[in-house]
Enquirer: 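Structure in structure tokens, see below.
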Amino acid sequence: AQSVTQLGSHVSVSEGALVLLRCNYSSSVPPYLFWYVQYPNQGLQLLLKYTSAATLVKGINGFEAEFKKSETSFHLTKPSAHMSDAAEYFCAVSADTGRRALTFGSGTRLQVQP
Amino acid sequence: DGGITQSPKYLFRKEGQNVTLSCEQNLNHDAMYWYRQDPGQGLRLIYYSQIVNDFQKGDIAEGYSVSREKKESFPLTVTSAQKNPTAFYLCASSIGQAGKETQYFGPGTRLLVL
């Protein structure tokens, strides 16, 4: 079985400040990990993914995430927040267990203050 | 442009009525998925299909039905047996080996009960 825990349902940062969104996973086999972003009333857009190559993954819009096996974590960061980053962010895990589906965390809503 | 389309954007259901949500993709992806999104709960898998004429139940299939007669199309029917259908419904598709593929999402359909 696999699961994802996102710590903090709401995170608020000031414009220009560091963004850190936390994700911890559980998987019985080597996982693939994803971060998606969702703007209000829209679908999910892929930010970045970890597929067992480099542990530091760079994505779109200046975001990056680091896979830490020892900590079972895949936290999302961005050095400087922009107002347009305000959205909901989902971490998801996929594992080669034969079932084709992602397991999602409950999401973190990022608020950016001017 | 390749992508996933969902229609309608908003759908209203009366008591005892079945309604069907459309999902079409022109990405030539093999697998397609339906997720339900409720506030604060992330996304939950309803059904998925790996190939034409085959589909599998997800975690919350009760009260829903699907068909996969064409590779491009994966409609979801919300039946009268689904007692709490109000939610945001997301369709996705992917290609590649199970557990290692990336899922791409449509814009979603919001279902409301009158």
Side-chain angles (χ1 to χ4, degrees), chain A residues 1-11 21-25 27-53 57 59-60 65 87-109, chain B residues 3-10 21 23 25 29-51 54-61 68 74 87-112:
Chain A
Q2 54 200 41
S3 65
V4 174
T5 301
Q6 290 185 241
L7 296 175
S9 59
H10 290 82
V11 170
L21 304 182
R22 299 178 186 274
C23 172
N24 288 89
Y25 71 91
S27 177
S28 57
V29 298
Y32 276 31
L33 294 158
F34 304 81
W35 275 101
Y36 286 88
V37 61
Q38 185 181 37
Y39 299 98
N41 292 312
Q42 294 187 25
L44 274 66
Q45 180 183 4
L46 181 67
L47 273 178
L48 50 81
K49 63 180 180 181
Y50 166 75
T51 58
S52 75
V57 182
I60 62 172
E88 189 149 23
Y89 292 80
F90 292 94
C91 182
V93 62
S94 174
D96 188 8
T97 60
R99 172 174 136 143
R100 291 191 88 142
L102 294 174
T103 299
F104 284 86
S106 55
T108 297
R109 184 167 299 279
Chain B
I4 303 172
T5 57
Q6 291 186 240
S7 62
K9 187 173 176 66
Y10 295 94
L21 285 62
C23 178
Q25 55 99 0
H29 286 175
D30 297 312
M32 297 186 74
Y33 314 79
W34 275 105
Y35 291 91
R36 170 177 170 144
Q37 184 178 20
D38 295 281
Q41 294 193 40
L43 279 71
R44 294 181 290 169
L45 182 68
I46 304 173
Y47 269 98
Y48 67 102
S49 168
Q50 299 192 55
I51 56 172
D54 180 70
F55 47 83
Q56 307 294 329
K57 291 182 179 180
D59 299 318
I60 55 166
R68 187 86 187 276
F74 191 40
F88 192 49
Y89 291 86
L90 289 159
C91 178
S93 69
S94 71
I95 194 167
Q97 184 180 348
K100 297 183 178 180
E101 75 276 20
T102 299
Q103 293 188 17
Y104 297 90
F105 286 80
T109 293
R110 188 166 296 280
L111 177 59
L112 300 165

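Excluded from the calculations below are hydrogen atoms, water molecules and symmetry mates; all remaining heavy atoms, backbone and side chain alike, are included. First the proteins, then the strands, lettered A, B, ... as listed; each starts at 1.
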Enquirer: I need the minimum non-hydrogen distance between B:Phe88 and A:Gln42, along with the two atoms involved.
Expert: CE2-O, 3.4 Å
Enquirer: Have a look at B:Thr102 and tell me which of A:Leu46, A:Leu102, A:Thr51 forms a side chain to side chain contact (heavy atoms under 4.5 Å, CB included) with it.
Expert: A:Leu46
Enquirer: Could you look at A:Gln38 and say if it's the side chain, the backbone, both or neither that has a heavy atom under 4.5 Å from chain B?
Expert: side chain
Enquirer: Nearest 0.5 Å, what's the CZ-CD distance between A:Phe34 and B:Gln103?
Expert: 7.5 Å
Enquirer: In the structure I gave you, are the side-chain heavy atoms of B:Tyr35 and A:Leu44 within less than 4.5 Å of one another anywhere?
Expert: no
Enquirer: Taking atom CZ of B:Arg44 as the centre, report whether more than 12 heavy atoms of other residues, nucleotides or ligands fall under 6.0 Å from it.
Expert: yes
Enquirer: Mind checking the CG-OH spacing from B:Leu90 to A:Tyr36? Nearest 0.5 Å is all I need.
Expert: 11.0 Å
Enquirer: So what's closer than 4.5 Å to chain A heavy atoms on B:Gln37: side chain, backbone, both or neither?
Expert: side chain
Enquirer: If you compare all heavy atoms of B:Lys9 against all heavy atoms of A:Asn41, which two are closest, and at what distance to 0.1 Å?
Expert: NZ-O, 3.6 Å
Enquirer: Holding to ring pair (Phe, Tyr, Trp, His ring centres under 6.0 Å), I want the full list of residues that pass it with A:Tyr89, two or more places apart in sequence or in another chain.
Expert: A:Phe63
Enquirer: In chain order, what residues pass the ring pair (Phe, Tyr, Trp, His ring centres under 6.0 Å) check against A:Tyr25, with sequence neighbours excluded?
Expert: A:Phe67
